[in-house]
Amino acid sequence: MSRHFASLLAIAVVAVTLTPGAASAAPKEKEVDCTQVKCVALTFDDGPGKYAGELLDTLKKHNAKATFFLEGQYVKSRPAFAKRMAVEGHELGNHSYSHPNFTTIGPAAIRSEIQKTQDIVKQVTGVEPKLLRPPYGMADLQVSDIAAEFGMPMILWTGGSRDWESKNEEAIKKQTLAVAKQGSIVLMHDWVKQTVDSMPSLIKTLQNKGYHLVTVSELIKDQKLEPGDIFPVPEGWEK
Ligand SMILES: [Zn+2]
């Protein structure tokens, strides 16, 4: 499906779900300007995870967009979820094929991890990821150079839900709300059941606080990132 068709579809969905009084909570996503309104980008790593279908239902119901940093191996085993993510207007990023720490493997292996994932995502969804999130958020200058070869900036996160650690719905909600601020990029995982279970209430709370849930690319539009750049810049990072 082309991007154009996908956006027409998204507008149609907004049009039929808009009801009087809900206008401020569900604006047309194309008009969200994150320099003017409060935005948060929820990001889900390592998927498509087992519970992605349920998560996609929740996101659709609340007109929220997310970014999925996918592992090629799971795009291969769960292609229908990856396809749905693209069709329903979410952003797909590259999170390697099998999740090695890029700072401990050679350049050929890094290139292969990235390329294989670009290929399978393109093959399954028709979309080519434009953002790289290195596994564990681990990068160095070599990883940056290789990301640049692929034309991709590297996206880390401003705060984490610590969902993989707590595996507790209340703790995930509390931690996510604590780190979700204007311009935040929040790290979550769609293989954690409690994360997916917490999403209806979490999204409602964030939207009631005035946040628009947008993709990473929408959120960072103003950053003018170049291929190989890293955002947010981690402490001690020198270029
Ligand atoms: Zn990961």
Side-chain angles (χ1 to χ4, degrees), residues 40-56 59 66-79 81-82 85-86 90-106 109-121 124-125 127-140 142-144 146-147 150 152-168 171-172 175-176 179-180 184-196 198-199 215-217 219-220 228-235 237:
V40 163
L42 300 179
T43 67
F44 296 90
D45 280 17
D46 310 338
K50 259 198 269 187
Y51 312 108
E54 206 182 320
L55 173 60
L56 286 166
L59 292 168
T67 301
F68 292 90
F69 287 99
L70 302 172
E71 268 178 60
Q73 60 176 336
Y74 297 125
V75 175
K76 194 176 179 190
S77 60
R78 300 186 183 109
F81 286 157
M85 288 165 183
H90 304 292
E91 181 161 26
L92 308 185
N94 187 320
H95 192 48
S96 83
Y97 196 86
S98 60
H99 215 270
N101 179 343
F102 280 3
T103 64
T104 63
I105 60 175
I110 299 172
R111 285 190 189 96
S112 157
E113 285 279 331
I114 297 173
Q115 186 67 59
K116 275 164 68 186
T117 300
Q118 291 296 93
D119 290 348
I120 187 82
V121 173
V124 164
T125 70
V127 175
E128 218 164 24
K130 294 188 166 55
L131 305 173
L132 176 68
R133 175 173 280 168
Y136 312 103
M138 297 293 287
D140 55 19
Q142 174 171 265
V143 178
S144 163
I146 295 173
F150 282 89
M152 293 194 282
M154 297 181 287
I155 303 297
L156 304 182
W157 50 89
T158 61
S161 61
R162 299 204 198 132
D163 54 351
W164 55 274
E165 202 174 28
S166 72
K167 299 232 174 109
N168 175 285
I172 292 166
Q175 172 65 18
T176 302
V179 298
S184 292
I185 300 174
V186 182
L187 171 64
M188 313 185 92
H189 299 87
D190 58 346
W191 54 262
V192 177
K193 187 177 188 306
Q194 293 85 352
T195 296
V196 174
S198 75
M199 287 307 288
T215 63
V216 168
S217 282
L219 188 84
I220 61 166
D229 282 354
I230 191 161
F231 183 84
V233 179
E235 222 171 291
W237 180 267

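Counting convention: from 1, in listed order, for ligands and their atoms alike. Hydrogens, waters and symmetry mates are skipped; everything else that's a heavy atom, side chains included, is used. This is a predicted model, so every value here is computed, not measured.
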| Heavy atoms from other residues, nucleotides or ligands near CH2 of Trp191 exceed 12 (cutoff 6.0 Å) | yes
| field | Check: Trp237 and Leu156 side chains under 4.5 Å, non-hydrogen atoms | value | no
| task | Report yes if some heavy atom in the side chain of Thr117 is under 4.5 Å from a heavy atom in the side chain of Val75; otherwise report no. | result | no
| With a 4.5 Å limit on heavy-atom distance, are the side chains of Ser166 and Ile172 in contact? | yes
| query | Can you list every pair that meets salt bridge (charged side-chain N to carboxylate O under 4.0 Å, His left out) and has a residue in residues 40-53, with sequence neighbours left out? | reply | Asp45-Arg133
| request: With the Zn ion (ligand 1) as the centre, enumerate protein N/O/S atoms below 2.8 Å in chain and residue order. | output: Asp46 OD1, His95 NE2, His99 NE2
| field | Residue pair Thr125 / Met85, side-chain heavy-atom distance below 4.5 Å | value | no
